[in-house]
Amino acid sequence: MYAAVYILSTVTGYVLTSALLLKCPMLLHRKKRGTFLSRHISHRGGAAENLENTMTAFKHAVDVGTDMLELDCHLTKDGEVVVSHDANLLRACGINTNISDITYAELPPYLCKLGVTFQRECFCEGGEDKRIPLLRDVFDAFPNTPVNVDIKVNNDALIKKVSELVVKYDREHLTVWGNASNQIVKKCYKENPHIPVLFSFPRVLQLLGLFYTGLLPFVPLKEQFLEIPMPSIVTKLRDPSRLSKSQRLITWLADTLLMRKALFDHLTARGIQVYVWVLNDDEDFQRAFNLGATGVMTDFPTRLKNFMDRNGISKPQ
């Protein structure tokens, strides 16, 4: 009897304390102080409005009023950090070779027409700019624009060179970097702890585990940015009639577990920005902001900007 009362009182105290700290995390943690806050993030510069990861795409997104550019980096054979999503150039350039196997001068131009990964049956036709840019080109052209750098491969030299460029252009306060790989994120943090890092995929799973067991409010977090997909967009990227019952169940379960307003509110209260990707229509924009996401990542910078203007979603100060 006494054991049961003790266990019940302990569990009750734990639940109440966890609930309190979930709502008021500053009772235990110091809020992270970021130097920028982004609501409008342009995925690969806005891959549906200009050829992805080109200077034209980045300039257009900045002109539209984006708060952040999202891009991907690789290292060429001669040690240049280039902006490209794919390690292999077949999809984007029509040539079956790896970026790491050729020099920057040997890089071919992009194809005239590229598919948009996160929009079904959508293609973007480019203009004159089909050049794969250098990361330093982006930093030089947009010195005041926050940039989200996805380190695409586990390469120590790439991580070191990106860090050196960030420091050279005095952008530690305007850059976030990382990857889904926990190993890459650890290396990024070790190379330069002054550049904020993203949650890796294993850390996202750990974050969810902590959240659903009530432990999250007690645990310190080094990351300052959470970027997660909205799983429900799978039904828009593929024909729903072709999804199996198990695929629909997995999508629903992942969406239910990830898209939690209480989780987003707790993280933002701790100074951790939450970005949801890659959303391309008003319905998903609205859902993400209703859930408390800090920002939305999109292939359509103009569409998201118009949505934010119509709905009075203010640009961060």
Side-chain angles (χ1 to χ4, degrees), residues 38 40-119 121-153 158 161-162 165-166 168-169 171 174-175 177 277-280 296-306:
S38 302
H40 183 298
I41 304 107
S42 295
H43 179 241
R44 305 182 197 173
E49 296 183 6
N50 289 278
L51 288 183
E52 64 182 57
N53 281 326
T54 59
M55 292 301 292
T56 296
F58 298 136
K59 183 179 186 306
H60 171 70
V62 171
D63 289 345
V64 165
T66 196
D67 302 317
M68 172 184 277
L69 299 172
E70 187 273 345
L71 52 80
D72 315 278
C73 283
H74 289 277
L75 198 65
T76 62
K77 185 178 181 179
D78 55 343
E80 295 287 357
V81 180
V82 296
V83 179
S84 171
H85 178 271
D86 299 356
N88 186 279
L89 295 169
L90 183 61
R91 176 189 71 90
C93 301
I95 297 176
N96 187 17
T97 188
N98 293 325
I99 289 175
S100 59
D101 293 333
I102 58 177
T103 66
Y104 179 67
E106 295 171 329
L107 286 176
Y110 281 121
L111 297 173
C112 295
K113 184 177 179 180
L114 293 178
V116 179
T117 307
F118 292 94
Q119 185 75 11
E121 298 178 357
C122 179
F123 296 87
C124 181
E125 296 191 26
E128 295 182 0
D129 183 12
K130 299 180 181 66
R131 184 175 69 92
I132 296 175
L134 296 163
L135 181 60
R136 66 168 177 262
D137 293 340
V138 180
F139 287 172
D140 188 58
F142 312 106
N144 300 314
T145 302
V147 174
N148 180 323
V149 179
D150 190 342
I151 304 294
K152 298 303 291 185
V153 292
L158 173 60
K161 283 180 177 287
V162 170
L165 284 169
V166 170
K168 177 182 177 180
Y169 283 88
R171 293 188 52 91
L174 286 174
T175 305
W177 63 345
W277 57 268
V278 171
L279 310 184
N280 288 327
V296 165
M297 190 180 297
T298 185
D299 290 314
F300 292 88
T302 304
R303 185 180 296 177
L304 176 56
K305 179 63 163 56
N306 291 339

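The chain is numbered in sequence order, starting from 1.
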Are side-chain heavy atoms of [X] and [Y] found at a separation under 4.5 Å?
| X | Y | result |
| --- | --- | --- |
| D140 | Y169 | yes |
| L75 | V81 | yes |
| L134 | V83 | no |
| I102 | L107 | yes |
| D67 | I41 | no |
| P301 | H40 | yes |
| V278 | Q119 | no |
| L304 | V296 | yes |

Between [X] and [Y], does at least one N-O distance fall below 4.0 Å, as a salt bridge requires?
| X | Y | value |
| --- | --- | --- |
| K77 | E106 | no |
| D86 | R91 | yes |
| K305 | D63 | no |

* Can T76 and D78 be counted as having a side-chain donor-acceptor contact under 3.5 angstrom? ->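 Yes, side-chain donor-acceptor contact under 3.5 Å.
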* Asked: Looking just at side-chain N and O atoms, do N50 and T56 make a donor-acceptor pair shorter than 3.5 Å?
  ->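 No.
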Rounded to the nearest 0.5 Å, how far apart are [atom1] of [X] and [atom2] of [Y]?
| X | Y | atom1 | atom2 | answer |
| --- | --- | --- | --- | --- |
| L135 | S84 | CG | OG | 12.5 Å |
| H43 | T66 | NE2 | OG1 | 12.5 Å |
| E128 | T54 | CD | OG1 | 12.5 Å |
| L71 | K152 | CG | NZ | 11.0 Å |
| H74 | N53 | NE2 | CG | 9.0 Å |
| D137 | F58 | CG | CZ | 10.0 Å |

* **Intermediate values then yes/no, side-chain hydrogen bond (donor to acceptor under 3.5 Å, both in side chains), E52 and H85** => CA-CA 9 Å; E52 64 182 57; H85 178 271; 5.3 Å; no
* Pair E49-R303, salt bridge (Lys or Arg N to Asp or Glu O under 4.0 Å): steps then yes or no -> CA-CA 10 Å; E49 296 183 6; R303 185 180 296 177; over 6 Å; no
Backbone N or O of [Y] within a donor-acceptor pair of the [X] side chain at under 3.5 Å?
| X | Y | result |
| --- | --- | --- |
| N280 | D299 | yes |
| R171 | T145 | yes |
| N88 | L90 | yes |

* Asked: Should the pair K130 and Y110 be classed as cation-pi, given the thresholds of under 6.0 Å to the six-membered ring centre and 45° from the axis?
  ->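 Negative - K130 is either too far from the ring of Y110 or too far off its axis.
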* Asked: When you look at F139 and K168, which way does the side-chain contact (heavy atoms from CB on, under 4.5 Å) test go after all the steps?
  -> CA-CA 10 Å; F139 287 172; K168 177 182 177 180; over 6 Å; no
* Asked: Under the side-chain contact (heavy atoms from CB on, under 4.5 Å) criterion, do L279 and F118 qualify, and how do the steps go?
  -> CA-CA 8 Å; L279 310 184; F118 292 94; over 6 Å; no
* If you look at every heavy atom in C93 and I132, which pair is closest and at what distance? ->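 Result for this residue pair: SG-CD1, 4.1 Å.
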* To do: Report the C-alpha separation of D129 and L51 in whole Å, then their side-chain angles, then the decisive distance to 0.1 Å, and conclude whether the side-chain contact (heavy atoms from CB on, under 4.5 Å) test is met.
  => CA-CA 8 Å; D129 183 12; L51 288 183; over 6 Å; no
* **Audit row: V162, V149, side-chain contact (heavy atoms from CB on, under 4.5 Å) steps and yes/no** => CA-CA 9 Å; V162 170; V149 179; 4.3 Å; yes
* Does a sphere of radius 6.0 Å around NZ in K59 hold more than 12 heavy atoms from other residues, nucleotides or ligands, not counting ones at 6.0 Å or beyond? ->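 Not more than 12 within 6.0 Å, no.
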